[in-house]
Structure formats: C-alpha cells, structure tokens
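One structure below.
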Amino acid sequence: MGFSEEAGLPESSVRLLFFARCRELAGCEELEVPLASPIALGELMETLRLRVPALQALPPGVAIAVNRRVAGPSRTVTPGDEVAFLPPVAGG
Amino acid sequence: MGFSEEAGLPESSVRLLFFARCRELAGCEELEVPLASPIALGELMETLRLRVPALQALPPGVAIAVNRRVAGPSRTVTPGDEVAFLPPVAGG
Amino acid sequence: MPPDHAADRNRESEGRSSASLVRDPIDPAAVLARVGGPRDGAVVLFLGTVRDHHDGRAVRGLTYEAYEEMATAVLHELVQGTLEGLREGSVHAVHRLGPLGIGEVAVAVAVSSPHRGPAFEAARLLMEELKRRLPVWKHEYYAEGDSDWVAGVPLVPDSRPGSGK
Amino acid sequence: MPPDHAADRNRESEGRSSASLVRDPIDPAAVLARVGGPRDGAVVLFLGTVRDHHDGRAVRGLTYEAYEEMATAVLHELVQGTLEGLREGSVHAVHRLGPLGIGEVAVAVAVSSPHRGPAFEAARLLMEELKRRLPVWKHEYYAEGDSDWVAGVPLVPDSRPGSGK
C-alpha cells in the first residue's frame, strides 16, 4: 500500500509511535530513529532497547504494529515504516 | 381479579370474542351465550359447537383464553367470564 | 457530579420495566429514552420493521390486530419477567397496531444493563417470547392485490400465576 | 408503491457498511439512519455507555485515546467482515474519542438484516471483535480525584490480508 510514501519520512529512518501508557512511559508521542536497511522487527527491538530508554521496560501485553498492522518479531521493518507501541486495548 | 364485574355482563351468560381468522369465520367479533352455572371449558365447547355454527370448524392451532389467559379443556368457565378464540399469533 | 449519590439513587430505582401497544408510529429515540441509567454500560435496541416481501411474495403493507386487553397484560408480564432475569437494568417494549407501510417499525424492544452480554441475551429472549405469547395477528396485503393472515404460532396454555384459577 | 422495483433497487445496493471515529456526541437516531432497507425486517442497535462505576470504584468520566489511522482501518474492516458474514443487510459502527461524561455513548453498532437472529448475532460478534481489535484506550477519572488507564486486552498479531507483507 506504499505507506512509507504517505508518511513522507526520509527513507533512512523509522517512525516510532507511542500510545496511552506507552506514551506516558516514553515521555513522548513519537520518535524517529535511523534505519539504513530492512531488518526483522525482533532484531530492531533488540537494537532499540539499547538506544531508547523508554523501550527497556515495556509494560506486559504491549503489541507492536508495523504500518498499522499488529506484527510478530519476524516481520520485516523497512526504512520509512511506522512502528507503533500499543498497550492492551480498552475500546467500546 | 373480578373480571366478570368489569365486563358488566349478566351473570347468566359468557361473552365469546373472536380474533383475526376466527373473527372472519364467526362473522362477528363478539357473541353472548347463556350459561347458568360453572362448566369445564371442554364441556362448554361441546355445547357451543351444537349451537354456534361458527365453532363447528375452528381452524387448526386455535387457542382459547378464559379471562385473558390461555386455558385447557379442564379450566372452569363461570357465568360472566370472557372466552376468546385466538388463532396462531404473528406479532413482532 | 456526585457519582456515589447518583449510584444510590439508581440502585433505588432498579426494577424499571414498561410496555405499551400504540397506533401511532414508534419513535426509536423515545424507546431508547425509556431505558438506561448511570449504572448501565450497555443498551440494546431491537426494531422489527415491515419487510417488502414474505414467503417469496411482494408485500405492500400490513395491518396488526390484537386482543388488546390480553396483549397489554402479556407484554407487561414479559418485560417484568425480562427485568427479573436481568436483575439490574431496565426494559421497555412497544408493539404497534393498525395499518403499517413497508419499513415502518412494528415492534421495538430496548434493554439496558451494566454489561452487554446480559443486555443482548435479554433483548433477544424477550423478542422470542413476545412472538410466541403476544395475542397479535398480522394481515398482509400483497402487491398482486390480494391479502391474507400470516401463518403464526399456536398459543400454548398459560403458566402464569393465576391462570389456573 | 411498486415493491418489485423497490426490491430490485435494494438488491443492487446490498453490501452496505460504514464506520467512523468521532469526537462529537453520538446520536443513536443518526446511527439507525445508516442501516435498514425494505428487505430488512430486523434492526439491532447496541450502545456502549459510560458507567458511573468500574471495579468497585466511582467513576466521574473518562477519555478515549486512539491510534486513529489504524483504528479507522480496523473499524472499516470489522464492519465489512460483519456484512460479509450477514450476506444481506447493512452494518454501521462508530466509536467516540476524547472526553466523555457518565451516560454518554462511547460506541454504537447497528445491524440490519432480513431476519432477527442474524442481526442479533452480527451486532454481538461485531462488539466482541471491536473490543479485541480496535486500538483504543480508556483513561478513567475517579471520584476520589485520581485517574488511570483501564486494564485492557492485548492485541494479537494481525491475520488480515497484507499483514505479512
């Protein structure tokens, strides 16, 4: 669906989004982190945990969405993607 | 609940009510028939069939309510009661 | 906004049920206004509307006839029984009589409850009971010009208190 | 009133579903207006309203936060999936965001269908799915003055088409 074009990010980074309790823990709604080439989401998380303090202690049950779809650790993240941290949901 | 008083009928008859297809078959909404003393509904029906042509061929599935409650043949009908002929229902 | 006092008031007014037969159009907003409260997190509204077809025949309208005194009593008993099953919340039901056009609301049932599961269950069961027990008959008018009574469900002897008197 | 032509038009417009996230109050009548049609005999409306209590604590209001772009996409997929399950009828869902007071409508789901069984089932399943899948969070404000995020349901990896790209 060409999401990275819509987002208009430089193609050498990913955008991290934080919601609800994750937003409070991160202390911000959004972070841009450099990413030179495609990487598995699990691997990206390992890297990020070393560089972003907010990601060292995610609350239990947090899901990660890549380009607005919940993804597992094997999902490939490409420069320009949007990676969102979603605590357990409580709509309705 | 003193229904016979509400209905204001003479205490020597019962009121027959006909609805929907029963009303069309009976050719009227209401009939008053004499009743001198309490009688089982089943017995009353036998008597009525001889005297009221409309009741000789009730359509299948017709229920009979005595004083607004569906009743079986053993239900006692007392002078002043309201006896209603109710074809299968189709509300809602 | 003192929610503890509001909750107390609502606890006192638990046990709300109402029902009616009407000849004017049913307004869903007015039906919804009869249910709900600060302790209720769920409202389920069911509307039964007049379809333009039945058993493969094009329908242009219908008329509901009722044994009004009995239907009113039965409807009140049904909503009261529904509310007792719910324990907490409120229930309202209304059935229309007389002539109705396609798309018009024939019956409306609304249930509110603290949680959605019981509200869905109660609204659905109330509709099932209403269709089985309400002395109401439907006369359909077909596009071809003829009309007929809709085949229904035979009423069964009443198990309500007082029915065996 | 030519019902055969009306039926044809309705058959063509089958497959109607719609969804939205809103910040203004939800009007149940407007939600109902999005569903129904001459072939539908049943409409089920569910309203989720803000309760004055939760887990034994008095609540004075709440705020919904959403991952809006994703929530909009998920909600559209849910109503579309519900409609496909129904085959005939229409589906509408709307979720409110931002601050809400006690008794206000947080979510509304409406389903119309030729018959009531499928309409009840579809509305209920849609609500279950919505609660499991919509990226929306609830922050409650308590009577005592404090506030907290409501414990929710962990999202599970997505099985929608395209999620494994």
Side-chain angles (χ1 to χ4, degrees), chain C residues 1-7 9-10 27-33 35-54 57-61 101-103 105-117 119-121 123-125 127-128 131 141-144, chain D residues 1-7 9-10 27-33 35-54 57-61 101-103 105-117 119-121 123-125 127-128 131 141-144:
Chain C
M1 200 197 302
D4 36 0
H5 296 141
R9 271 200 307 280
N10 188 249
D27 174 15
V31 174
L32 285 171
V35 300
R39 295 182 60 80
D40 292 337
V43 175
V44 173
L45 171 72
F46 174 83
L47 304 176
T49 54
V50 179
R51 286 188 292 158
D52 67 1
H53 64 292
H54 181 231
R57 299 200 66 186
V59 173
R60 60 188 175 86
I102 304 303
V105 177
V107 60
V109 151
V111 173
S112 73
S113 164
H115 300 284
R116 72 184 183 286
F120 270 114
E121 274 311 298
R124 187 166 182 167
L125 282 174
M127 275 307 301
E128 302 298 324
K131 291 210 156 234
Y141 296 86
Y142 303 106
E144 285 89 345
Chain D
M1 200 197 303
D4 36 359
H5 296 140
R9 270 200 308 280
N10 189 249
D27 174 15
V31 174
L32 285 171
V35 300
R39 294 181 61 81
D40 292 339
V43 175
V44 173
L45 172 72
F46 174 83
L47 303 176
T49 55
V50 179
R51 287 188 292 157
D52 67 0
H53 65 291
H54 180 229
R57 299 199 65 186
V59 173
R60 62 188 173 86
I102 304 303
V105 178
V107 61
V109 150
V111 174
S112 72
S113 165
H115 300 284
R116 72 184 184 286
F120 270 114
E121 275 310 298
R124 187 166 185 169
L125 283 174
M127 275 306 302
E128 302 299 323
K131 292 211 156 233
Y141 296 86
Y142 304 106
E144 286 88 343

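Per chain, numbering begins at 1; letters A, B, ... match sequence-line order. Source: prediction; values computed, not measured.
Across all their heavy atoms, C:Arg39 and D:His53 have their closest contact at O-CE1, 3.4 Å.
Heavy-atom pairs under 4.5 Å with chain C peak, among D:Pro28, D:Gly117, D:Ala108, at D:Gly117. No other option in C:Glu128, C:Met127, C:His54, C:Arg124 has as many heavy-atom pairs under 4.5 Å with chain D as C:Arg124. Contact tally against chain D (heavy-atom pairs below 4.5 Å) for C:Pro114, C:Gly103, C:Ala29: the top residue is C:Pro114.
Both the backbone and the side chain of D:Ala123 come within contact range of chain C, judged by heavy atoms closer than 4.5 Å. Both the backbone and the side chain of D:Val44 come within contact range of chain C, with heavy atoms under 4.5 Å apart. Within the 4.5 angstrom heavy-atom criterion, no atom of C:Ala106 approaches chain D.
Of the possible donor and acceptor atoms, one in the side chain of D:Thr49 sits under 3.5 Å from a partner among the backbone N and O of C:Asp40.
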